[in-house]
2 protein chains.
Amino acid sequence: MSGINLKSLSEKLGLSQTTVSRALNGYPEVSERTRKRILQAADEYNYRANAGAKGLATGRTMRIGHVIPLNDDHQMVNPVFGDFISGAGDVYANAGYEMVLSVVSGEKEHDAYRDLAAKRSIDGVIVHGPRKNDPRPALLDQLGLSYVVHGRVDDYDGAYSYLDINNRRSFLRATEFMLDLGHTRLALLNGWEDFDFAARRRAGFEEALDSRGITADPSLMLEGEMTETLGHSAARRMLAQNNPPTGFVVSSTMIAMGVRRALDDLGLAISRDVSVVAHDDVLSYLDNGNALPVFTATRSSIRAAGRRCAEILIQRIENPKSDPVTELWEAELTIGQSTGRAPT
Amino acid sequence: MSGINLKSLSEKLGLSQTTVSRALNGYPEVSERTRKRILQAADEYNYRANAGAKGLATGRTMRIGHVIPLNDDHQMVNPVFGDFISGAGDVYANAGYEMVLSVVSGEKEHDAYRDLAAKRSIDGVIVHGPRKNDPRPALLDQLGLSYVVHGRVDDYDGAYSYLDINNRRSFLRATEFMLDLGHTRLALLNGWEDFDFAARRRAGFEEALDSRGITADPSLMLEGEMTETLGHSAARRMLAQNNPPTGFVVSSTMIAMGVRRALDDLGLAISRDVSVVAHDDVLSYLDNGNALPVFTATRSSIRAAGRRCAEILIQRIENPKSDPVTELWEAELTIGQSTGRAPT
DNA sequence: ATGGGTGTTCAAAGCGCTTTGGGAATGAGT
DNA sequence: ACTCATTCCCAAAGCGCTTTGAACACCCAT
């Protein structure tokens, strides 16, 4: 129905397309009087420049891509994703960008970037879930696409923009906190350690134990999908061992909820019998008890990360010659009701 | 870097752009020999048609929009969203469509649709989270944009495409199941009843009680954000009443997890002391205990809904004259470990 | 030889915008 | 009176594709 174009709009105004276009895009060489007239007419007819045509003419699509990998086993999208894009999306909207999403599984991921680049349908892209030896920065540099990595890749030689939290330090501190409470048998329930963030968390965990002369027990360390079920089954299993842990260091509040359920199953009290410290992404739908936190946790808002990644990417797109931006955020350790002195 | 266009590709081949274009788009009027040559060259140079230019020429952008509303209070994206788009995204990818996302809050939602339509950046749109008196179908019909509603709007006169689950019936059955177990004091923890799905669930709940001559107790019915916290605090409060409920009918497994935590707090055993039945969206990251379900639940996969909505929408886009498609799915009631006979 | 298919290719127009390279009008400077 | 900037506006080219209408070659039947 609707859909007036520049041509007819300018005809209605008795002006050339050039003038109307310039007025609408804020160029100076048009008198204020006519600009006002034009703006008003554009509003009246609900005119908006055809995105495809504009992209063709300018070479900029005003569109940013997110390629989100699908876990092949569970066809699962990382549940933090909703919050991330809600942060990023807000920034995009205010800057006049659109967000395009590609959910792809495994091997097809590479192609997704190639495709988006070759079709020229985006100006830049956010890289989610970087892994060890992640090939994407190299690919994107080669494709000439602007990008920002949410997280880090350990092994890329080139300079690239990223925003990460200090995962190693977070887990170092969380683990030390447990050690200070007298816990010596500590379990780690982690995400897949193929992901950079999880590898760093494990390193922090082990570093803390090492510094107290404790060697990490492999039977108390598990990596996997960060679900409630993982927390539950792992905790059940570990607590049934000969020398069960008195504390759990876990990578998400979802896992922590599973651990709590296992404790309930076994009639154990959280904090008194077994302590739990988690990493909390401050997801909007998992508020970890507003006023007094349920779980002791290292916290860092995924939504804030989404916002900041978007800002950085836009800045990179609009100024590609500038130096890459890198930020490393510290997570905050908040004491909740899930930790206490180790039972004696 | 990369980025060859039709012109240079056809020059390399010594053919006209017409022929190359036709070959690539599968038109018959080009000999198999040349088509093969062209396909090969296209592959070699990694040629892909510029999306904007193609859209301009054809009038079809091969892009589908999802406008997802942001809860203003919590800046929260519905956590089922990840699964929905992972289902839809897969269908899009296979059909050659891209997905564009707009996360917008409250009053700006209307504008988002207007914008996308006026800029001609999408061919169609999925309507999420329909509410009572939802104005969007009327708006979209007026804008001439193809769409399909995930859920239903109660009050729209026009014919429109939707995919919904039978929420009323689900909650009717779940409630009857509880009644059959001897529970007479039943609580309902629901999503915001401004949403169509939640209103229907409540209707089903009340209908079941009515049919047994029980009148629903307003102090046992709550609507709100479907979080763990809601389940926890509501259950705590309701169980502290004079005449506490022996069963909870709740709208998500997230809420159910909160109820379970409240029971643990109070030293009550789930199923023996208090029963819980939930609606389960079968989210990939909340698998409700793979083999034996933790919660008794009415189940319907959100991912499957995403897939189907996408299929319907594509069909509508490619064949706009066809009649609207409407589907109503029945949820499946699966018995888990969270329900038992009412204590006597 | 002539005409009509049939199969294969092409030149050029058009999609809706931005942007280059002027042109006309006005006012100021000499 | 004449030049020279300024200010404001415009015609036309170009972005990379699809698609219309026509051309060309070839073959078979008349």
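Convention: sequence-line order gives letters A, B, ...; per-chain numbering from 1. Quick note: numbers below take in every heavy atom, side chains included, and nothing from hydrogens, waters or symmetry partners. Because the structure is a prediction, the values reported are computed rather than measured.
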Practice item. Could you grab the distance from atom CD1 of B:Ile317 to atom CE of B:Met62, nearest 0.5 Å is fine? Key: 8.5 Å
Review point. Between C:dT18 and A:Ser21, is there an OP1 or OP2 to side-chain N/O distance shorter than 4.0 Å?
Key: yes
Exercise for review: To the nearest 0.5 angstrom, please state how far the CZ atom of B:Arg152 sits from the OH atom of B:Tyr160.
Suggested key: 7.0 Å
Point to revise | Nucleotide nearest A:Leu56 when distance is taken to its side chain, options D:dG16, D:dT18, C:dC17 | key: D:dG16
Practice item. Measure the spacing between CG of B:Asp154 and CG of B:Asn133 and express it to the nearest 0.5 Å. Key: 8.5 Å
Review point. If we ignore angles and hydrogens, is there a donor and acceptor under 3.5 Å between the side chains of B:Asp83 and B:Ser86?
Key: no
**Study point:** Interatomic distance, A:Leu70 atom CG to A:Asn78 atom CG [nearest 0.5 angstrom]
**Key:** 11.0 Å
Check your understanding: Do you see a donor-acceptor pair shorter than 3.5 Å between the side chains of B:Asp141 and B:Tyr147?
Key -> yes
Exercise for review: Could you pick out which residue, B:Ala57 or B:Glu32, lies toward the 5' side of DNA chain C when each is mapped onto its nearest nucleotide?
Suggested key: B:Glu32
Check your understanding: Going by atom types only, do B:Tyr97 and B:Asp123 share a side-chain donor-acceptor pair under 3.5 Å?
Key -> no
Check your understanding: When the distance from CZ of A:Arg120 to P of C:dC17 is rounded to whole Å, what number comes out?
Key -> 22 Å
Show me the protein contacts with nucleotides 9-11 of chain C, counting only N or O atoms at under 3.5 Å.
from, atom 1, to, atom 2, distance (Å)
C:dT9, OP2, B:Ser31, N, 3.4
C:dT9, OP2, B:Thr34, OG1, 3.1
C:dC10, OP2, B:Ser16, N, 2.7
C:dC10, OP2, B:Ser16, OG, 3.1
C:dC10, OP2, B:Thr19, OG1, 2.9
C:dA11, N7, B:Thr18, OG1, 3.4
C:dA11, N6, B:Thr18, OG1, 2.6

Check your understanding: Considering all heavy atoms of both residues, which atom of B:Val149 and which atom of B:Pro130 are nearest to each other, and what is their separation?
Key -> CG1-CG, 3.8 Å
Check your understanding: OP1 or OP2 of C:dC15 less than 4.0 angstrom from a side-chain nitrogen or oxygen of A:Asn50, does that happen here?
Key -> no
Exercise for review: Could you state the atom-to-atom distance from CD1 of A:Ile38 to P of D:dC10 in whole Å?
Suggested key: 9 Å
Exercise for review: May I ask you to evaluate whether B:Lys54 reaches the phosphate of D:dT18, defined as a side-chain N or O under 4.0 Å from OP1 or OP2?
Suggested key: yes
Point to revise | Spacing between A:Arg35 atom CZ and D:dT7 atom C1', to the nearest angstrom | key: 13 Å
Contacts under 3.5 Å, N or O only, protein and nucleotides 24-27 of chain D:
none

Exercise for review: Would you please confirm or rule out a distance under 4.0 Å between OP1 or OP2 of D:dG16 and any side-chain N or O of B:Tyr47?
Suggested key: no
Review point. Taking OP1 and OP2 of D:dC15, is either one under 4.0 Å from a side-chain nitrogen or oxygen of B:Asn5?
Key: no
Exercise for review: Indicate whether OP1 or OP2 belonging to C:dT19 is found under 4.0 Å from a side-chain N or O atom of A:Tyr27.
Suggested key: yes
**Study point:** Within 6.0 Å of CD in A:Gln40, more than 12 heavy atoms from elsewhere
**Key:** no
Study note, to complete from the structure: Residue set satisfying side chain to side chain contact (heavy atoms under 4.5 Å, CB included) with A:Ala53, at least two apart, ordered chain then number -> A:Asn50, B:Leu56
Point to revise | Gap between atoms CG and C1', on B:Leu6 and D:dT19 respectively (whole Å) | key: 13 Å
Practice item. Mind calculating the distance between NZ (B:Lys36) and P (C:dT8) to the nearest angstrom? Key: 14 Å
Review point. Within this structure, what is the NZ-to-C1' distance between B:Lys7 and C:dA13, rounded to whole angstrom?
Key: 16 Å
Study note, to complete from the structure: Whole-Å distance, B:Asn25 CG to D:dT19 P, equals 7 Å
